[in-house]
Amino acid sequence: MVPTVSASPSEPPVPPALRRELFPREPRHAALLRLLLAQDGSATRLCEALSGRKITVVLQHQVRTQDVPEVVRRELGGNEWLERATTLHAWGTVLLDNISYTRLDRLPDWFLAKLDQGDTPIGYMLDQLFLQRDDLPLDTAIAERLWPLVGLPDEGAAKLYRVAMPQGPLMLVMETFRAGWTQVQPPATAP
């Protein structure tokens, strides 16, 4: 069974030493934001490349549910989903907040077991499946589920996409990129 973990909207369970800031809209960072919003690979891998180390994941919220935004039902089908919100951080700063919806009847048992543990970024697990990613327009109903969990709404630095397997749609993911992308300084020995 997937544990139910939820943050209070006023006090997200991010360690107090972490900094979460909006992605800067200065012209010198515009190309980086365009790159992040356009990429269709694993944001987890990009976070690691930037920071020079494995990314730490904070599970903000995870619950099996039948109560999802209409876009989830339309894009994924199914009757029960896993709603999961996480924060990826490195070097004391938040790089990414996200919320995902996963169609539970399409998940292999090993995938569900890793989700139950709650400490692995989904990007690692998705690498083991044959997948296709398709960008979708940002949906306000999904954004309104993430913002109370992590704070700092920022639709201008967010993207929504669908992940599909050969059997059909599997996940809907909304990622919000944070200022950490412009602040993280990896150690001099990083590749």
Side-chain angles (χ1 to χ4, degrees), residues 1-14 20-23 25 33-34 36-44 46-47 57-89 94-107 111-112 115-116 118 121-123 125-126 129 131-165 167-181:
M1 160 125 325
V2 175
T4 299
V5 179
S6 190
S8 161
S10 62
E11 298 179 26
V14 174
R20 173 182 282 110
E21 299 173 27
L22 297 175
F23 198 98
R25 297 312 198 275
L33 182 56
R34 281 194 312 273
L36 292 171
L37 293 173
Q39 63 87 21
D40 66 354
S42 169
T44 302
L46 290 176
C47 288
V57 63
V58 174
L59 181 62
Q60 304 283 2
H61 166 84
Q62 181 168 293
V63 63
R64 288 179 186 231
T65 185
Q66 295 175 347
D67 177 26
V68 295
E70 182 54 37
V71 66
V72 175
R73 293 178 190 284
R74 183 177 66 245
E75 294 293 338
L76 299 183
N79 296 309
E80 187 177 24
W81 302 268
L82 180 72
E83 181 181 69
R84 174 182 164 114
T86 62
T87 294
L88 301 182
H89 65 90
V94 173
L95 298 170
L96 175 74
D97 289 310
N98 69 44
I99 190 164
S100 62
Y101 294 88
T102 305
R103 184 172 163 171
L104 288 170
D105 65 344
R106 290 222 166 108
L107 284 178
F111 199 103
L112 279 172
L115 286 174
D116 285 347
I122 285 181
M125 296 180 284
L126 291 177
L129 301 173
L131 301 172
Q132 173 184 338
R133 291 175 173 88
D134 300 304
D135 288 339
L136 298 171
L138 200 57
D139 186 89
T140 303
I142 290 179
E144 288 173 354
R145 299 257 183 139
L146 179 61
W147 305 143
L149 296 169
V150 299
L152 289 177
D154 192 1
E155 291 187 16
K159 66 184 280 182
L160 180 67
Y161 60 93
R162 179 184 50 227
V163 177
M165 302 187 325
Q167 301 90 325
L170 174 65
M171 296 178 71
L172 212 56
V173 181
M174 179 185 153
E175 296 173 332
T176 304
F177 300 100
R178 300 303 190 176
W181 287 90

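Note that the structure is predicted; figures quoted are calculated from it, not measured.
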With sequence neighbours excluded, tell me which residues meet salt bridge (Lys or Arg N to Asp or Glu O under 4.0 Å) with E83.
->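 Testing E83 for salt bridge (Lys or Arg N to Asp or Glu O under 4.0 Å), a comparison that skips the adjacent residues, returns R145.
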
[X] side chain near [Y] side chain, heavy-atom distance below 4.5 Å:
| X | Y | answer |
| --- | --- | --- |
| R106 | P169 | yes |
| V72 | I142 | yes |
| L46 | W181 | yes |
| T102 | V163 | no |
| W81 | R73 | yes |

About how many Å separate [atom2] of [Y] and [atom1] of [X], when rounded to the nearest 0.5 Å?
| X | Y | atom1 | atom2 | value |
| --- | --- | --- | --- | --- |
| M171 | M165 | CE | CE | 11.0 Å |
| L36 | T176 | CG | OG1 | 11.5 Å |
| K159 | L37 | NZ | CG | 7.0 Å |
| R84 | I99 | CZ | CD1 | 11.5 Å |
| D134 | Y161 | CG | OH | 11.5 Å |
| L95 | C47 | CG | SG | 4.5 Å |

Check T86, T87, D97 against Q60 for a side chain to side chain donor-acceptor pair (under 3.5 Å) and give me the one that passes.
->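 The side chain to side chain donor-acceptor pair (under 3.5 Å) with Q60 is passed solely by T87 among T86, T87, D97.
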
Pair D135 + R133, salt bridge at N-O below 4.0 Å =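 Not counted as a salt bridge, because no side-chain N and carboxylate O are separated by less than 4.0 Å.
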
Is it true that R20 and D154 have a side-chain N and a carboxylate O under 4.0 angstrom from each other?
->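 Judged by the 4.0 Å cut-off on N to carboxylate O distance, R20 and D154 do not form a salt bridge.
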
Determine, step by step, whether L76 and V68 satisfy the side chain to side chain contact (heavy atoms under 4.5 Å, CB included) criterion, reporting the C-alpha distance in whole Å, the side-chain angles of both residues, the deciding distance to 0.1 Å, and the verdict.
-> CA-CA 11 Å; L76 299 183; V68 295; over 6 Å; no

Taking all non-hydrogen atoms of both residues, which atom of [X] and which atom of [Y] are closest, and how far apart?
| X | Y | value |
| --- | --- | --- |
| L138 | A158 | CD2-CB, 4.0 Å |
| A43 | L96 | CB-CD2, 3.9 Å |
| P153 | L22 | O-CD2, 3.6 Å |
| R178 | F23 | O-CD1, 3.4 Å |
| A143 | E155 | CB-OE2, 3.9 Å |

Between Q167 and R103, is a side chain to side chain contact (heavy atoms under 4.5 Å, CB included) present by the stated rule, with each step listed?
-> CA-CA 12 Å; Q167 301 90 325; R103 184 172 163 171; over 6 Å; no

For the pair L146 and N98, evaluate side chain to side chain contact (heavy atoms under 4.5 Å, CB included) and give the outcome as yes or no after the intermediate values.
-> CA-CA 7 Å; L146 179 61; N98 69 44; 5.6 Å; no

Count the heavy atoms of every other residue, nucleotide or ligand shown that sit under 6.0 Å from CG of N79, and state whether that count exceeds 12.
->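 No, the 6.0 Å shell around CG holds no more than 12 heavy atoms from other groups.
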
E21: side-chain hydrogen bond (donor to acceptor under 3.5 Å, both in side chains) partners, not counting sequence neighbours |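 E21: side-chain hydrogen bond (donor to acceptor under 3.5 Å, both in side chains) contacts with Q183.
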
Considering residues at least two apart in sequence or located in another chain, which fulfil the side-chain hydrogen bond (donor to acceptor under 3.5 Å, both in side chains) criterion with D67?
-> none

Q62 and L82: side chain to side chain contact (heavy atoms under 4.5 Å, CB included), yes or no, with the steps?
-> CA-CA 7 Å; Q62 181 168 293; L82 180 72; 3.6 Å; yes

